[in-house]
Q: 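Before I ask anything, here is the structure I am working with.
Order of the sequence lines fixes the chain letters, A, B, ..., with proteins taken first and strands second; residue numbering starts at 1 for each chain.
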There are 2 protein chains.
Amino acid sequence: MAAIQRHRATRQRAAILDLLQEAESFLSAQQMHDALRAKGMKVGLTTVYRNLQLMTELEEVDHVRREDGESMYRRCDSGEHHHHLVCRACGYTVELANDQLETWAKALARKHRFSQVTHDLE
Amino acid sequence: MAAIQRHRATRQRAAILDLLQEAESFLSAQQMHDALRAKGMKVGLTTVYRNLQLMTELEEVDHVRREDGESMYRRCDSGEHHHHLVCRACGYTVELANDQLETWAKALARKHRFSQVTHDLE
DNA sequence: CACCTAGTTGCAAATGGTTTCCATTTGCGA
DNA sequence: TCGCAAATGGAAACCATTTGCAACTAGGTG
């Protein structure tokens, strides 16, 4: 949001980004924290949360909520608007770039007199 | 879950259901609690949560999560699978019964070799 | 109608994810 | 090398939701 913002390159931030880079599915903040500690890195849970929040704002990672309300994060390949297909069993995820849905959503919104439609689909 | 379960008709349960009946949009457990107290009714917050949980299991109410993770509940007209169109400003909601989406979702799932697809769309 | 008992209630305390406080550390431009 | 704002992290605060438990009650039974 901030017009000009300087972000430093810290060991912790790099570690979190690396972890997300390797991950093949969504991870929760706590899972990342555990994984980092397991690797022997000293990173505070608070720091993980703060960086994920920052990266989400910068749109470097995607953020979705599980059914139980826990936040899950994932580094996305494209910076564009898209959806995910998530396996409930193993968490395997497929990214979707779907114009059809967009078109459909807009038409639907018009029909019901809504505007500025955004949507979530998992 | 229990095969045979007897549910009593209590003052509190009726009040919660009434409130949902009148509501024109989603309500959080806390909002309901406040509303009931405002009406002069003595209902414990715990009771509100427990009844909402029960009603959700019995599929008498729908349950969705707001962006911030808070649970919102609404009594639905139809007991069938459907989606909602929610106004981000006022909370006004439209229920959708959409076969097209279902079909699309299934085709998409097949394409990516998923099965037993469920989805959320708001 | 009085009784029984499992469903129900509600306060307090516990949970669990996430955020805030604040003192200390650390990038990094000058 | 200096200086300082950004960043860190452990503890405490937050807040929605859940659980423990003793008291209460709807509603079927004798």
Q: May I have the step-by-step check of side-chain contact (heavy atoms from CB on, under 4.5 Å) for B:Tyr73 and B:Met55, ending in yes or no?
A: CA-CA 10 Å; B:Tyr73 303 86; B:Met55 292 174 192; over 6 Å; no
Q: Tell me: CD1 of A:Ile16 to P of D:dG9, nearest whole Å?
A: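 Distance, rounded to whole Å: 9 Å.
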Q: Quickly work out the A:Tyr49 OH to C:dT18 P distance and round it to whole Å.
A: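 Rounded to whole Å, this separation is 4 Å.
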Q: Which is more 5' along DNA chain D, the nucleotide nearest B:Gly69 or the one nearest B:Arg11? Just name the residue.
A: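 So the residue in question is B:Gly69.
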Q: Have a look at A:Gln53 and say if it touches a base, only the backbone sugar-phosphate, or nothing, with a 4.0 Å heavy-atom cut-off.
A: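 Sugar-phosphate: the residue A:Gln53, judged by heavy atoms under 4.0 Å, touches backbone atoms but no base.
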Q: Checking all strands, does B:Arg66 fall into the base, sugar-phosphate, or nothing category for heavy-atom contacts under 4.0 angstrom?
A: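 Touches nothing.
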Q: What residue among A:Glu60, A:Glu22, A:Gln21 forms side chain to side chain donor-acceptor pair (under 3.5 Å) with A:Arg75?
A: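 So the option named by the test is A:Gln21.
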Q: Look at the side-chain N and O atoms of B:Arg13 and state whether any lies under 4.0 Å from the OP1 or OP2 oxygen of D:dA26.
A: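 No, B:Arg13 has no side-chain N/O under 4.0 Å of OP1/OP2 on D:dA26.
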Q: Ignoring hydrogens and angles, answer whether the base of C:dG17 and the side-chain atoms of A:Arg65 contain a donor-acceptor pair closer than 3.5 Å.
A: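 No, no donor-acceptor pair under 3.5 Å.
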Q: What is the minimum heavy-atom distance between B:Leu52 and B:Val61, and which atoms define it?
A: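 It is O-CG2, 4.2 Å.
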Q: Take atom CG of A:Leu58 and atom P of D:dA7, then tell me their distance rounded to the nearest Å.
A: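 Rounded to whole Å, this separation is 10 Å.
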Q: Atom CD of A:Glu57 to atom P of C:dT19: distance rounded to whole Å?
A: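 From A:Glu57 CD to C:dT19 P: 10 Å.
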Q: OP1, OP2 of C:dT18 versus side-chain N and O of A:Thr46: anything below 4.0 Å?
A: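 Checking A:Thr46 against C:dT18: no side-chain N or O falls below 4.0 Å of OP1 or OP2.
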Q: Over how many whole Å does the gap from B:Leu45 atom CG to C:dA14 atom C1' extend?
A: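 One finds 15 Å between C1' of C:dA14 and CG of B:Leu45, rounded.
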Q: With a non-hydrogen cut-off below 4.0 angstrom, is B:Ser28 in contact with a base, only sugar-phosphate, or nothing?
A: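 It contacts nothing in the nucleic acid.
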Q: So, is A:Gln12 near the phosphate of D:dG9, with a side-chain N or O under 4.0 Å from OP1 or OP2?
A: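 Affirmative; the distance criterion is met.
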Q: Search all heavy atoms of A:Ala29 against all heavy atoms of A:Tyr49 and return the closest pair with its distance.
A: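 Closest heavy-atom pair between A:Ala29 and A:Tyr49: CB-CE2, 3.4 Å.
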Q: For B:Gln30, which contact category applies under a 4.0 Å heavy-atom criterion: base, sugar-phosphate, or nothing?
A: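 Counting heavy atoms under 4.0 Å across all strands, the contact made by B:Gln30 includes a base.
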Q: Which of these nucleotides, C:dT20, C:dG17, C:dG7, is closest to any side-chain atom of A:Glu70?
A: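 Of C:dT20, C:dG17, C:dG7, C:dG17 is nearest to the side chain of A:Glu70.
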Q: Which one of A:Gln31, A:Gln12, A:Met41 satisfies the side-chain contact (heavy atoms from CB on, under 4.5 Å) criterion with A:Leu36?
A: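 It is A:Met41; the other options fail the test.
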Q: Name the closest nucleotide to the A:Arg37 side chain, picking from D:dG10, D:dG9, C:dG10.
A: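 Output: D:dG10.
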Q: Could you tell me the separation between the CG atom of A:Asp68 and the P atom of D:dC15, rounded to a whole number of Å?
A: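 In whole Å, D:dC15 P and A:Asp68 CG are 21 Å from each other.
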Q: Between C1' on C:dG10 and CZ on B:Arg50, what's the gap in Å once rounded to a whole number?
A: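 Atom-to-atom, B:Arg50 to C:dG10, this comes out as 7 Å.
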Q: With respect to the side chain of A:Ala9, which nucleotide from C:dC28, D:dT8, D:dT17 is positioned closest?
A: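 For A:Ala9, the side-chain atoms sit closest to C:dC28.
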Q: If you look at every strand shown and take non-hydrogen atoms under 4.0 Å, does B:Thr10 touch a base, only sugar-phosphate, or nothing?
A: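 The residue B:Thr10 makes sugar-phosphate contact but no base contact.
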Q: Does A:His7 put a side-chain nitrogen or oxygen below 4.0 Å from OP1 or OP2 of D:dA7?
A: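 Yes, because at least one side-chain N or O of A:His7 sits under 4.0 Å from OP1 or OP2 of D:dA7.
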Q: Under 4.0 Å between a side-chain N or O of A:Thr47 and OP1 or OP2 of D:dG9?
A: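 Yes, A:Thr47 has a side-chain N/O under 4.0 Å of OP1/OP2 on D:dG9.
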Q: Provide, to the nearest angstrom, the distance between the CD atom belonging to B:Gln31 and the C1' atom belonging to D:dT17.
A: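 It works out to 15 Å between those atoms.
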Q: What is the minimum heavy-atom distance between A:Arg74 and A:Ser25, and which atoms define it?
A: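 Residues A:Arg74 and A:Ser25, closest heavy atoms: NE-CA, 4.1 Å.
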Q: Has the side chain of A:Arg8 got a donor or acceptor atom sitting under 3.5 Å from an opposite partner on the base of C:dT26?
A: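 Side chain to base: pair found, below 3.5 Å.
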